[in-house]
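Step one of this worksheet: look at the structure below.
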Amino acid sequence: MKNKLLLLLAFAFILKLEAQTTIVPNQNDSRVITTGVPFLLIATDARGAGMGDMGVATTVDAFSQQWNSSKYAFSETKSGIGVSYTPYLSKLVNDIFLGSVTYFNRIDERSSFAASMRYFSLGDIEFVDDETSSPLVQRPSEFAIDGSYSLRLSDQFAMSVAMRYVNSNLRLTGVDGDARSANLFNVDISGYYQSEEEAYADFNGRWRGGFAIQNIGPKFKYDEGGEENFQPTNLRLGGGFDFIFDDYNKVSVTAEVTKLLVPTPPILGDEYSYTDENGDGKYEEGVDTLGSVVQSDVIYKGKSNDVGFLQGMFQSFGDAPGGFSEEMKEFTWALGAEYVYQDAFSFRTGYFNEAEEKGARKFLALGAGFKANVVNVDLSYLFSTSKVQSPLEGTLRFSLTFNIGAGTYMEY
């Protein structure tokens with residue numbers, strides 16, 4: 001009996017010191033969600049930029065293709081052409097820019113179509129082998145071509161579908177000769193509501209609302225052995241109200257929230273072997289002894305983002321390692337206002353906010369617009385209010401619109 005007791009005690013002692021494993025998180029993991037072809041998220045038009053990068057629920061204009069193409073079904077103008085130019089990193093270089101051209105046509109009372117092209121140039125990059133050789137100059141760039149069809153389902157509501165082709169040619173043969181340009185496709189689904197003009201005590205008013213799920217498409221990569229990139233699939237929701245004081249003065253206020261429908265990167269860690277000193281099955285720093293690394297880059301908290309794009313869209317609403325509070329920080333929001341005098345002059349302002357942990361973009365925007373006959377000229381300017389300076393800080397954006405057949409349709 002005595003020998004059996006000693007064996008049991010020895011066995012318990014051995015179990016207590018049994019080597020186990022624990023995961024130690026890497027504290028430098030980034031919480032910012034990154035995607036491929038992010039230029040698709042940059043506001044191309046000065047009007048949307050002047051109200052804090054918004055447009056899903058604002059009134060229709062020539063550049064609605066980027067924000068919510070279903071708005072074209074409410075256009076009072078038969079057709080139009082919009083051209084815009086946005087310098088990028090203008091404080092550092094002068095050859096990086098984003099340009100766009102858009103055409104829309106309202107076919108009849110209930111439907112319309114539109115097409116647009118966006119071009120993003122990253123400027124000239126020189127490669128020099130030595131001081132005697134001639135430089136090799138390359139200009140990486142990206143562009144997107146899309147088309148949309150909008151259908152008015154009722155007097156106040158329309159929906160639209162857009163299809164887009166994107167070419168991302170970022171390869172630099174002086175660095176990676178195996179890289180190639182990426183070719184991808186995606187779609188947008190959007191809706192827009194605009195109420196009838198209603199009479200209130202001291203003014204007339206009109207409600208607006210819109211949604212858009214944009215850039216829905218499969219993952220892509222630049223080379224066979226490279227990492228797959230998510231497209232910048234995003235959800236936009238917005239609403240607003242027009243204060244119509246008389247035939248000359250109108251003030252519009254709009255609010256918008258946006259969320260990337262892309263999985264949040266999990267918190268990774270290294271899995272170590274350790275000696276469980278007290279036998280409770282839990283690693284305690286300062287008590288237990290760590291051994292060698294068993295496995296690296298193990299998910300410590302969160303969900304794997306190695307999933308397909310459709311699963312990633314649904315997963316993005318509940319995979320943040322920090323739980324609900326972090327999930328809410330992945331929403332950006334913007335507030336904007338626009339004053340219009342006699343449909344000839346406009347003044348705009350807006351504010352955009354993004355959580356510190358998710359990119360820290362925060363800026364105040366100002367804008368103005370002028371209309372002369374069939375031509376609209378719009379300008380906007382951005383003031384960064386974040387410790388992370390915006391690449392569009394101090395940039396004057398410019399948009400030009402040509403209205404063809406203004407007043408063809410009457411909405412109010």
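Values below: all heavy atoms of this structure, side chains included; hydrogens, waters and symmetry mates excluded. Because the structure is predicted, anything quoted here is derived from the model rather than measured.
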* Structure fact -> Rounding to 0.5 Å, atoms CZ (Phe120) and CZ (Phe143) come to a distance of 15.0 Å
* Under a 4.5 Å cut-off applied to non-hydrogen side-chain atoms, are Ser380 and Leu382 in contact? -> no
* Asked: Which atom pair, heavy atoms only, marks the closest approach of Ala320 to Glu330?
  -> CB-OE2, 4.0 Å
* **Any side-chain heavy-atom pair of Asn249 and Tyr341 under 4.5 Å** => yes
* Asked: Residues two or more places apart in sequence or in another chain: which of them pass ring-ring contact (aromatic ring centres under 6.0 Å, His included) with Phe324?
  -> none
* Have a look at Asp242 and tell me which of Gln194, Lys250, Arg206 forms a side-chain hydrogen bond (donor to acceptor under 3.5 Å, both in side chains) with it. => Arg206
* Are Arg208 and Thr254 linked by a side-chain donor-acceptor pair shorter than 3.5 Å? -> yes
* Structure fact -> Smallest heavy-atom separation, Lys219 atom then Val307 atom, equals NZ-O, 2.8 Å
* Asked: Under 6.0 Å between ring centres, would you say that holds for Phe352 and Phe363?
  -> yes
* Structure fact -> Test side-chain contact (heavy atoms from CB on, under 4.5 Å), reference Arg348, set Leu366, Asp378, Thr58, output is Asp378
* Asked: Excluding sequence neighbours, so at least two apart, what forms side chain to side chain donor-acceptor pair (under 3.5 Å) with Thr34?
  -> none
* Does Met163 reach the side chain of Val187, with side-chain heavy atoms less than 4.5 Å apart? -> yes
Side chains of residues 151-160: which donor-acceptor partners sit under 3.5 Å, not counting sequence neighbours?
unit_1 : atom_1 : unit_2 : atom_2 : d
Arg152 : NE     : Asp155 : O      : 3.3
Arg152 : NH1    : Ala73  : O      : 3.0
Arg152 : NH1    : Glu411 : OE1    : 3.1
Arg152 : NH1    : Glu411 : OE2    : 3.0
Arg152 : NH2    : Asp155 : O      : 2.8
Arg152 : NH2    : Glu411 : OE1    : 2.8
Ser154 : OG     : Gln156 : N      : 3.4
Ser154 : OG     : Phe157 : N      : 3.2
Gln156 : NE2    : Glu196 : OE2    : 2.9
Ser160 : OG     : Ser69  : OG     : 2.6
Ser160 : OG     : Tyr149 : O      : 3.0
Ser160 : OG     : Ser150 : OG     : 3.3

* If you look at every heavy atom in Phe63 and Ser100, which pair is closest and at what distance? -> CE2-OG, 4.2 Å
* Asked: What are the two closest heavy atoms between Leu335 and Ala255, and how far apart are they?
  -> CD2-CB, 3.6 Å
* Residues two or more places apart in sequence or in another chain: which of them pass ring-ring contact (aromatic ring centres under 6.0 Å, His included) with Tyr381? -> Phe383
* How about Asn68 and Ser190: does a side-chain donor come under 3.5 Å of a side-chain acceptor? -> yes
* Are Gln231 and Pro218 side-chain neighbours, meaning at least one heavy-atom pair lies under 4.5 Å? -> yes
* To do: Please state whether the rings of Trp333 and Tyr351 are parallel, tilted or perpendicular, taking 30° and 60° as the class boundaries.
  => tilted
* **Other residues, nucleotides, ligands: >12 heavy atoms within 6.0 Å of Lys78 NZ** => yes
* **Residues in side chain to side chain contact (heavy atoms under 4.5 Å, CB included) contact with Phe185, at least two apart in sequence or another chain** => Tyr165
* To do: State plainly whether the residues Arg361 and Asp53 are in salt-bridge range, i.e. N to O under 4.0 Å.
  => no
* Structure fact -> Applying side chain to side chain donor-acceptor pair (under 3.5 Å) to Ser116 and not counting sequence neighbours gives Asp146
* Output yes when Glu356 and Lys329 qualify as a salt bridge under the 4.0 Å nitrogen-oxygen rule, no when they do not. => no
* Which pairs with one or both residues in residues 37-59 pass ring pair (Phe, Tyr, Trp, His ring centres under 6.0 Å), sequence neighbours excluded? -> none
* To the nearest 0.5 Å, what is the distance between CG (Leu235) and CZ (Phe331)? -> 7.0 Å
* Residue list, side chain to side chain donor-acceptor pair (under 3.5 Å) with Asp95, at least two apart or on another chain -> none
* Heavy-atom pair with the smallest gap, counting every atom of Thr77 and Ile404 -> CG2-O, 3.4 Å
Show me the donor-acceptor pairs, under 3.5 Å and distance only, between side chains in residues 42-52 and residues at least two apart or in other chains.
unit_1 : atom_1 : unit_2 : atom_2 : d
Thr44  : OG1    : Gln66  : OE1    : 2.8
Asp45  : OD1    : Trp67  : NE1    : 3.0
Asp45  : OD2    : Gly48  : N      : 2.8
Arg47  : NE     : Glu338 : OE2    : 3.2
Arg47  : NH1    : Thr59  : O      : 2.8
Arg47  : NH1    : Asp61  : OD2    : 2.9
Arg47  : NH2    : Thr59  : OG1    : 2.7
Arg47  : NH2    : Glu338 : OE1    : 3.0

* Can you run down the side chain to side chain donor-acceptor pair (under 3.5 Å) pairs that involve residues 306-317, sequence neighbours left out, and say none if there aren't any? => Gln315-Asp319
* With sequence neighbours excluded, tell me which residues meet ring-ring contact (aromatic ring centres under 6.0 Å, His included) with Phe309. => none
* Does the distance from a Lys or Arg side-chain N to an Asp or Glu carboxylate O, for Lys371 and Asp343, drop under 4.0 Å? -> no
* **Close side-chain approach of Leu400 and Asn376, heavy atoms under 4.5 Å** => no
* Partner residues of Ser148 under the side chain to side chain donor-acceptor pair (under 3.5 Å) criterion, sequence neighbours left out -> Gln65
* Fit a plane to each ring of Phe220 and Tyr222, take the angle between them on a 0 to 90° scale, and name the class: parallel (under 30°), tilted (30 to 60°) or perpendicular (over 60°). => perpendicular
* Hey, is the main chain of Thr332 close enough, under 3.5 Å, to the side chain of Lys259 for a donor-acceptor pair? -> no
* How far does CZ of Arg118 sit from CG of Leu98, to the nearest 0.5 angstrom? -> 8.0 Å
* **Trace of the side chain to side chain contact (heavy atoms under 4.5 Å, CB included) decision for Asn186 with Thr233** => CA-CA 9 Å; Asn186 60 53; Thr233 307; over 6 Å; no
* Asked: Do the non-hydrogen side-chain atoms of Phe402 and Val374 ever get within less than 4.5 Å of each other?
  -> no
